[in-house]
There are 2 protein chains.
Amino acid sequence: MKTATQPYRSPCPLSKALDLIGDKWSLVIVRDMCLGKKRYCDFQNSPEGIPTNILANRLRQLEEHGIIKKQPYQEKPLRYDYFLTAKGADLLPVLQQLVCWTQKYDPDCWMPPAAFFTTTAEDLLG
Amino acid sequence: MKTATQPYRSPCPLSKALDLIGDKWSLVIVRDMCLGKKRYCDFQNSPEGIPTNILANRLRQLEEHGIIKKQPYQEKPLRYDYFLTAKGADLLPVLQQLVCWTQKYDPDCWMPPAAFFTTTAEDLLG
DNA sequence: TCTAGTTACTTGCAATAAGCAAGTGATAAT
DNA sequence: ATTATCACTTGCTTATTGCAAGTAACTAGA
């Protein structure tokens, strides 16, 4: 029987961040929420084409890590909207830096909506 | 015969960034270089304990993506030091934001050396 | 009422990637 | 000659990803 292994690789704040969001999809979902998307099908319709089982898995993980929360928008059948928590909204500066970095070195990438750069984490929690 | 598929999921600058560095290890290596590490064994000795085959693979990928470059430090046998390029050094603000985020929400993480926050990308290219 | 459609998932399975241990080649040190 | 070091590579097992199909709970239309 294997003892519960440490849930993180080291106490370094960078590696701990990557333990939570160091994959190809988590921040894509956070980006969508920053842009106002709320529903499962909104995330599915993004141009990256996230597989549905991975979307369900990532929504679960992000909720477990306190980055998003869900609230029912109807009862029959029970369905949820997904929102960023304060912790999730505070990832906005990370996204903004990543976007600036790509824009500096990859001329073929899209220009995000201007609002993306002027928005603050607090704005997302309105 | 399958036509060469697009190397990225969408032209979104965020998803393109994650296509390059969206995994658990790449930014850990970039972090080490920001802290002055240069050698293969330096990266191996980091507290996260990166497996050696993954380290070799990531060094190759990061070089292919123009984020790091290598320069020989001896001839017999041929051995390399690894350095950040300008593109790699410009990831520093991303790392800084990720570290700030973890520090805000995870009280149990380590405090990075003070220099980590005051350093700029240009400093890393000295 | 029967049928088709929508939404938000879950399940099964093949392909890919990660992680661990051991091995290799070049050279230096004893 | 033997041992050690450094920077990898190889083989193998396990875990994760990605695709396709299926399901539950409704809603709208013929």
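Atom set for the values below is all heavy atoms of this structure, side chains included, hydrogens, waters and symmetry mates excluded. Protein chains get the first letters and strands the later ones, always in sequence-line order, with residue 1 at the start of each.
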Open item on the list: For a 4.5 angstrom cut-off between non-hydrogen side-chain atoms, does K87(A) reach L20(A)?
Closed with: yes
Open item on the list: Using OP1 and OP2 only, check whether a side-chain N or O of W25(A) sits under 4.0 Å from dT16(D).
Closed with: no
- [ ] Send over the distance from L78(A) CG to dC9(C) P, rounded to a whole Å.
- [x] 9 Å
Open item on the list: Between Y73(B) and dA7(D), is there a contact of a side-chain N or O with OP1 or OP2 at under 4.0 Å?
Closed with: yes
Open item on the list: Taking the minimum atom-to-atom distance to the side chain of P51(B), which one of dT9(D), dG19(C), dC26(D) wins?
Closed with: dG19(C)
Task: Closest listed nucleotide, where the reference is the side chain of C41(B) and the choices are dA22(C), dA26(C), dA7(D) - done: dA7(D)
- [ ] Say whether F83(B) and L91(B) are linked into one hydrophobic cluster, either directly or through other cluster members, by side-chain heavy-atom distances under 4.5 angstrom.
- [x] no
Task: For atom CD of Q44(A) and atom P of dA8(C), their distance in whole Å - done: 8 Å
Open item on the list: Judged by each residue's nearest nucleotide on DNA chain C, which is more toward the 5′ side, N57(A) or P77(A)?
Closed with: P77(A)
Task: Candidate nucleotides dT11(C), dT9(D), dT7(C), ranked by approach to the side chain of N53(A) - the nearest - done: dT11(C)
- [ ] Calculate the interatomic distance between R39(A) atom CZ and dT6(C) atom P; express it in whole Å.
- [x] 16 Å
- [ ] Run through R39(B), K38(B), K70(B) and flag the one making a salt bridge (Lys or Arg N to Asp or Glu O under 4.0 Å) with D81(B).
- [x] R39(B)
Task: Integer-rounded Å distance: dC9(C) C1' and L55(A) CG - done: 9 Å
Task: R58(B) side-chain N/O to dC8(D) phosphate OP1/OP2 under 4.0 Å - done: no
- [ ] Could you please name the option among dC26(D), dT10(C), dA7(D) that lies closest to any side-chain atom of R60(A)?
- [x] dT10(C)
Open item on the list: Just N and O in the side chain of Y40(B): are any of them under 4.0 Å from OP1 or OP2 of dT9(D)?
Closed with: no
Task: Y82(B) side-chain proximity, nearest of dT10(C), dC8(D), dC19(D) - done: dC8(D)
Open item on the list: So L55(A) and I29(A), do their side chains get closer than 4.5 Å, heavy atoms only?
Closed with: yes
TODO: Counting heavy atoms from C-beta on, name the nucleotide in dT17(D), dA25(D), dA8(C) closest to the side chain of I54(A).
DONE: dT17(D)
